[in-house]
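Every value quoted in this text rests on a predicted model; they were computed, and no experiment measured them. Within every chain, numbering begins at 1; the chains are lettered A, B, ... in the order of the sequence lines, protein sequences first and strands thereafter.
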There are 2 protein chains.
Amino acid sequence: MTIQQLKYVVALDEERHFARAAEVCMVTQPGLTIQLKNLEEEIGIKIFDRNKVPLTPTVLGKEIINRARKILRETDEIRDFVINQKNLLEGELKLGIISTLSPYLIPLFISAMKTIAPKVNFVIKEANTGQLMQDVETGAIDVAIMATPTGHPNLVEHAIFKEPFVAYLNENHPMANDDFYELQPYDKPELLLLQNEYCYNAQLLDICGIKEPGKIKEQFSYDISSIETLKNLVRAKLGFAIIPALSIINEKETALFKTFKDPKPVREISFVVSDTFSKKLLLEKMSQAVWDCLPEALKKDFSYKKIKWNDSPYFINAVSKI
Amino acid sequence: MTIQQLKYVVALDEERHFARAAEVCMVTQPGLTIQLKNLEEEIGIKIFDRNKVPLTPTVLGKEIINRARKILRETDEIRDFVINQKNLLEGELKLGIISTLSPYLIPLFISAMKTIAPKVNFVIKEANTGQLMQDVETGAIDVAIMATPTGHPNLVEHAIFKEPFVAYLNENHPMANDDFYELQPYDKPELLLLQNEYCYNAQLLDICGIKEPGKIKEQFSYDISSIETLKNLVRAKLGFAIIPALSIINEKETALFKTFKDPKPVREISFVVSDTFSKKLLLEKMSQAVWDCLPEALKKDFSYKKIKWNDSPYFINAVSKI
DNA sequence: TCATGATTATAAATTTAATTTATAAAGATA
DNA sequence: TATCTTTATAAATTAAATTTATAATCATGA
């Protein structure tokens, strides 16, 4: 069965005449006759009764013609769908992004998008994970870039990359001269966390295998609201921090940023959209833009351990290769 | 776009590997690669991202893969549908037929069906049109053979043939020696009708252009329940009858049966089924059987005037050629 | 870093299939 | 009976898919 044969069947039903149907299909009559014959032999039934004038579909033939029509419509819809998607590559897109990623990714992302889809205007909002999920659901933003899986049933996640965590030690740390960092029991009470970043903190607690956040170092009297602040606290020898890899790509002095031994703890970064989001080609282009602007090290395969930040039943904690 | 290309796309999504997908499709890897390329160029979008390992569908690609799956499923369903229909060519079928047709058609029909679908057992019920329509709707019978259109929205009609009416004159009739019959005003009061056959009588009144049945000849004191009775009444010179053509095929003495001049009045005989009736192939075979057993004269084109028997809005009184 | 293995892409040759041209057969028409 | 219309068939042609062979790419391990 070929799509062409289905076209012949439908044309023949409309024209009720071999020669005219062939003309409509821009082929000659014997070509159409033979292909109809081939199809009829393949499915094992006569679709048209040639004894009647004008020729008439058989009872079963009518059913097959209807099904053929549907299939042809659907093949056309594939084409139309792609064309429509291309039209959606202009206009405005409201993008939310978690604050522990935003300062490092957004500048690179925006310049990559300028090349890939120059007619799209981005309105960017920085917020925490909970806020972003809510905003996506209400439609306040179109797309969020955040750590996943969310476990939220109405949101669709498109994973883009795995961002490893790195440890930032101060120069007095016992492992300050090692190549890799491995979690030490004495580091746990020193772990610095962020204010108002439940998701991020939960990931760190998971890395450190800490169940009860109460045991960790008390927060300071002011809000630690950014990764940059964390770094400065480490530099002031006030603790030890675990930070995402993209936050060190602009650092000059890299000696005290230690990657973990394999499997490295990572957070999965994804585009999160509502399940009714329709700009799929734009999403694809954005995914491309993020991938293009990533440092090479993050594009390569590596052994990783995906870190969880919630206890959703949808979440599966996995050790695998990208 | 070809069905084969869609198969390749789906196989590739399942295997995520060109060589393995090609193996599944029983082709070589370059063949599959080229066809995927052709399809991607035709619709204008990359379906798979070959940069990732293993290769991954693009966001838009996922959508296309889903649509491809649906189309392939539907093509398979065409095949399955035909196979299922063939299985329905055995078992029992409850067939209803109007009494003005039954004695002439059923014997011929049954012997034709014995060749075409020998494993079908028919349970035949003779009844009037109203009863048959009700029986089809309730499922008491599967198929009815009757005059159409019925105008009933839940019934589906499959026209089989047009049966002309003929006039039966007694030997004293002024046109007894003519080749054709044309309706005469003096015949109207002499027209013989059937008891309990609203539909048949309505057709005769339509032929004769009579609006008010009250004006016609009073019925006799006993029920005239069959065409054969009508014929005998004519032979007894008790009136004039219009009868369906199939009722004279076994008559030896044909001189007093007169066909009408063109356009001949006809009744359209159809299979009538409920709109949920599913044995379409069987219906087709039955249609074939009826056609095969018809006298040649009824298979040929002729100019006709379709006679109505109800005032349904669905009915269109037409003068045309078969 | 160089060779190796795995994977996808490309080129040319081959096979398969669809289509055309030409014509026959069947049926209707005049 | 001849003619016209329509569909079917045969052989030749064209187009397209597929195969074989090989190149290019990229990750991997010595």
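Atom NZ of B:Lys37 and atom C1' of D:dA16 are 14 Å apart (whole Å). Here C:dT19 presents its C1' atom at 16 Å from CZ of A:Phe18, a figure rounded to the nearest Å. Note: CD (B:Gln4) to C1' (C:dA17) measures 12 Å, nearest angstrom. As rounded to whole Å, 13 Å separates atom P of C:dT8 from atom CD of B:Glu23. The separation between A:Arg50 atom CZ and C:dG27 atom P is 14 Å, rounded to whole Å. Atom CD in A:Glu42 sits about 15 Å away from atom C1' in C:dA18, given to the nearest Å. Atom P of nucleotide D:dT18 and atom CG of B:Leu36 are separated by 13 Å, given to the nearest angstrom. In this structure, CG of B:Asp49 is placed 15 Å from C1' of C:dT7, rounded to the nearest angstrom.
Shown here are the side chain to side chain donor-acceptor pair (under 3.5 Å) partners of B:Asn66, two or more places apart in sequence or in another chain: there are none. Scanning for salt bridge (Lys or Arg N to Asp or Glu O under 4.0 Å) contacts around A:Lys7 gives an empty result, with sequence neighbours left out. For A:Gln85, the side chain to side chain donor-acceptor pair (under 3.5 Å) test picks out no residue, with sequence neighbours left out.
Within the structure, the side chain to side chain donor-acceptor pair (under 3.5 Å) test picks out the following pairs touching residues 280-289 of chain A (sequence neighbours left out): A:Lys280-B:Glu63, A:Glu284-B:Thr58, A:Gln288-A:Asp292.
With salt bridges taken as basic N to acidic carboxylate O contacts below 4.0 Å, none links A:Glu14 and A:Arg20.
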So which protein N/O to nucleotides 19-25 of chain D N/O distances come out below 3.5 Å?
residue : atom : partner : partner atom : Å
D:dT19  : OP2  : B:Thr28 : N            : 2.5
D:dT19  : OP2  : B:Thr28 : OG1          : 2.8

Exercise for the section: Kindly determine whether A:Arg16 and A:Asp13 satisfy side-chain contact (heavy atoms from CB on, under 4.5 Å), including the steps that lead there. Expected result: CA-CA 5 Å; A:Arg16 303 288 171 105; A:Asp13 180 54; 3.1 Å; yes
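Within the 4.5 Å cutoff, the side chain of B:Val27 has no heavy atoms near those of the B:Gln35 side chain. Taking the side chain as every heavy atom from C-beta outward, B:Cys293 and B:Leu105 approach each other to under 4.5 Å.
In the region residues 6-17 of chain B, proximity to DNA chain C at under 4.0 angstrom, judged on heavy atoms, holds for B:His17.
Of the residues near DNA chain C, B:Arg20 and A:Thr2, the one whose nearest nucleotide (by heavy atom distance) lies more toward the 5' end is B:Arg20.
Checking C:dA18, C:dA9, D:dA17 against every side-chain atom of A:Asn38, the shortest atom distance belongs to C:dA18.
The 12-atom threshold is exceeded at CD of A:Gln29, counting heavy atoms of other residues, nucleotides or ligands nearer than 6.0 Å.
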